[in-house]
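Inspection log for the structure reproduced underneath, given as structure tokens.
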Amino acid sequence: MCKILINEVMLGKRNVGFECFSMETGEIVGYTEKQIKTQFQAGNPVIGFILDADGQLKVDKTFCKNIMCKSGISTLTPKLETDCIVNLIFTVIGREGSQYKVISSRFWQGYMTESKMKTLYELGAVNGIEVDSKGKITLCVEKQTQENKTSKKTDTIQSEDQKTGA
């Protein structure tokens, strides 16, 4: 399955790693930038990150509106300075019926309604969703899963073509 970006971990002003939620185990796992790049190279992208043309790891702006930086015990501050005064960001990790499963930057897990999601999204306090002009919510986790299935089918087709010499 996949991992999802939750927080950045800082030592002073220096990045030392990231905290990610593991979809398969339900645990919070710490990764360095190098470990995340290795995940990408192994074909296991970590949702919330992209690799640019130079192979540098970047936070995916379509997934993350903002990210919390942990610089000490119980010390979370927004990475991007905005006019929003949030001190807690929620990341959507799934959907069950009309409820959205979320995990907070302080690792609380629970469910929220669509109206609450939209309100928090407007405040810039929700990652992992896209809201279109009509108010329809698309989950980045579902979108990523669909893209992975499509790319795996393409890889399989290419492998079979190589075996037959097509």
Side-chain angles (χ1 to χ4, degrees), residues 1-11 14-51 57-80 84 86-131 136-153 155-156:
M1 286 282 277
C2 65
K3 315 279 187 288
I4 302 171
L5 172 64
I6 303 295
N7 293 322
E8 181 176 10
V9 181
M10 305 291 285
L11 181 61
R14 188 174 66 99
N15 171 300
V16 292
F18 298 91
E19 294 173 324
C20 300
F21 178 76
S22 172
M23 293 292 282
E24 56 260 352
T25 63
E27 298 175 319
I28 302 299
V29 183
Y31 285 109
T32 63
E33 188 172 320
K34 183 178 179 182
Q35 289 171 317
I36 293 171
K37 285 181 183 179
T38 302
Q39 289 283 323
F40 271 94
Q41 292 167 349
N44 303 317
V46 179
I47 299 175
F49 292 104
I50 55 172
L51 289 177
L57 191 67
K58 303 284 183 194
V59 173
D60 184 357
K61 300 291 184 193
T62 59
F63 178 83
C64 294
K65 301 303 174 215
N66 206 343
I67 183 173
M68 298 305 280
C69 294
K70 184 183 280 188
S71 58
I73 297 173
S74 297
T75 307
L76 290 170
T77 56
K79 181 176 180 84
L80 305 175
C84 182
V86 297
N87 65 356
L88 191 65
I89 292 188
F90 297 94
T91 302
V92 179
I93 58 175
R95 181 186 341 225
E96 290 185 19
S98 63
Q99 298 282 316
Y100 292 87
K101 186 173 184 180
V102 298
I103 184 167
S104 77
S105 51
R106 296 192 188 271
F107 311 131
W108 170 85
Q109 294 182 42
Y111 294 89
M112 291 187 183
T113 64
E114 184 172 329
S115 62
K116 191 168 191 175
M117 280 286 100
K118 287 179 181 178
T119 302
L120 290 170
Y121 183 80
E122 288 176 15
L123 292 173
V126 175
N127 288 329
I129 62 172
E130 294 174 349
V131 181
K136 182 179 182 277
I137 296 177
T138 305
L139 274 62
C140 294
V141 172
E142 292 173 350
K143 192 172 159 184
Q144 181 74 33
T145 305
Q146 290 171 353
E147 288 173 5
N148 284 346
K149 287 180 183 177
T150 303
S151 68
K152 285 182 182 179
K153 285 180 184 176
D155 292 343
T156 304

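No hydrogens, no waters, no symmetry mates; every other heavy atom, side chains included, goes into these values. Residue numbers start at 1 and run along the sequence shown.
Using a distance-only test at 3.5 Å, with no hydrogens or angles considered, a donor-acceptor pair links the side chain of Asn127 to the main chain of Asn66. A donor-acceptor pair is defined here as one N or O able to donate and one able to accept, closer than 3.5 Å; no such pair exists between the side chain of Gln99 and the backbone of Glu96. Between the side chain of Ser105 and the backbone N or O of Ile89, at least one donor-acceptor pair lies under 3.5 Å.
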### Task
Kindly indicate, with the supporting measurements, whether the criterion side chain to side chain contact (heavy atoms under 4.5 Å, CB included) is fulfilled by Trp108 and Val102.
CA-CA 8 Å; Trp108 170 85; Val102 298; 3.6 Å; yes

### Query
Going through the distances and angles, do Glu114 and Lys118 end up as a salt bridge (charged side-chain N to carboxylate O under 4.0 Å, His left out)?
CA-CA 6 Å; Glu114 184 172 329; Lys118 287 179 181 178; 3.1 Å; yes

### Task
I would like to know whether Ile50 and Phe63 meet side chain to side chain contact (heavy atoms under 4.5 Å, CB included); could you show each step before the answer?
CA-CA 10 Å; Ile50 55 172; Phe63 178 83; over 6 Å; no

### Verdict with reasoning, Phe90 to Ile103, per side chain to side chain contact (heavy atoms under 4.5 Å, CB included)
CA-CA 6 Å; Phe90 297 94; Ile103 184 167; over 6 Å; no

### Query
Stepwise, does the ring pair (Phe, Tyr, Trp, His ring centres under 6.0 Å) test hold for Phe18 with Phe49?
CA-CA 11 Å; Phe18 298 91; Phe49 292 104; 4.8 Å; yes

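Annotation: side chain to side chain contact (heavy atoms under 4.5 Å, CB included) contacts of Lys136 (sequence neighbours excluded): Asp132, Thr138.
In plain terms, the two heavy atoms of Gly17 and Asn15 that are nearest each other are N-OD1, 2.9 Å. The shortest heavy-atom contact between Gln109 and Gly26 is NE2-O, 4.1 Å. Leu88 approaches Ala125 most closely through the heavy-atom pair O-CB, 3.9 Å. Residue Gln39 comes nearest to Val46 through the heavy atom pair CB-CG2, 4.1 Å, listed as atom of the first residue, atom of the second, then distance. Across all their heavy atoms, Tyr121 and Glu130 have their closest contact at OH-CA, 4.3 Å. Residue Lys65 comes nearest to Val126 through the heavy atom pair CG-O, 3.7 Å, listed as atom of the first residue, atom of the second, then distance.
Looking at heavy atoms from C-beta onward, Leu120 lies in side-chain contact with Met112 at the 4.5 angstrom threshold. Side-chain contact between Met23 and Ile47 is absent, with no heavy atoms from C-beta onward closer than 4.5 Å. Counting heavy atoms from C-beta on, the side chains of Tyr100 and Leu139 come closer than 4.5 Å.
One distance of note links CD1 of Ile67 with CG of Asp60; it measures 11.0 Å at 0.5 Å rounding. The CG atom of Leu5 lies 5.5 Å from the SG atom of Cys20; values are rounded to the nearest 0.5 Å. Taking CE of Met10 as the reference point, atom CG of Leu76 lies at 12.5 Å (rounded to 0.5 Å). Rounded to the nearest 0.5 angstrom, Glu142 CD and Ile129 CD1 are separated by 11.5 Å. The NZ atom of Lys58 sits 8.5 Å away from atom CD of Glu33, with the distance rounded to the nearest 0.5 Å. Within the model, atoms CG of Asn87 and OG1 of Thr75 stand 11.5 Å from one another, a figure rounded to the nearest 0.5 Å.
Atom NZ of Lys116 has 12 or fewer heavy atoms from other residues, nucleotides or ligands within 6.0 Å.
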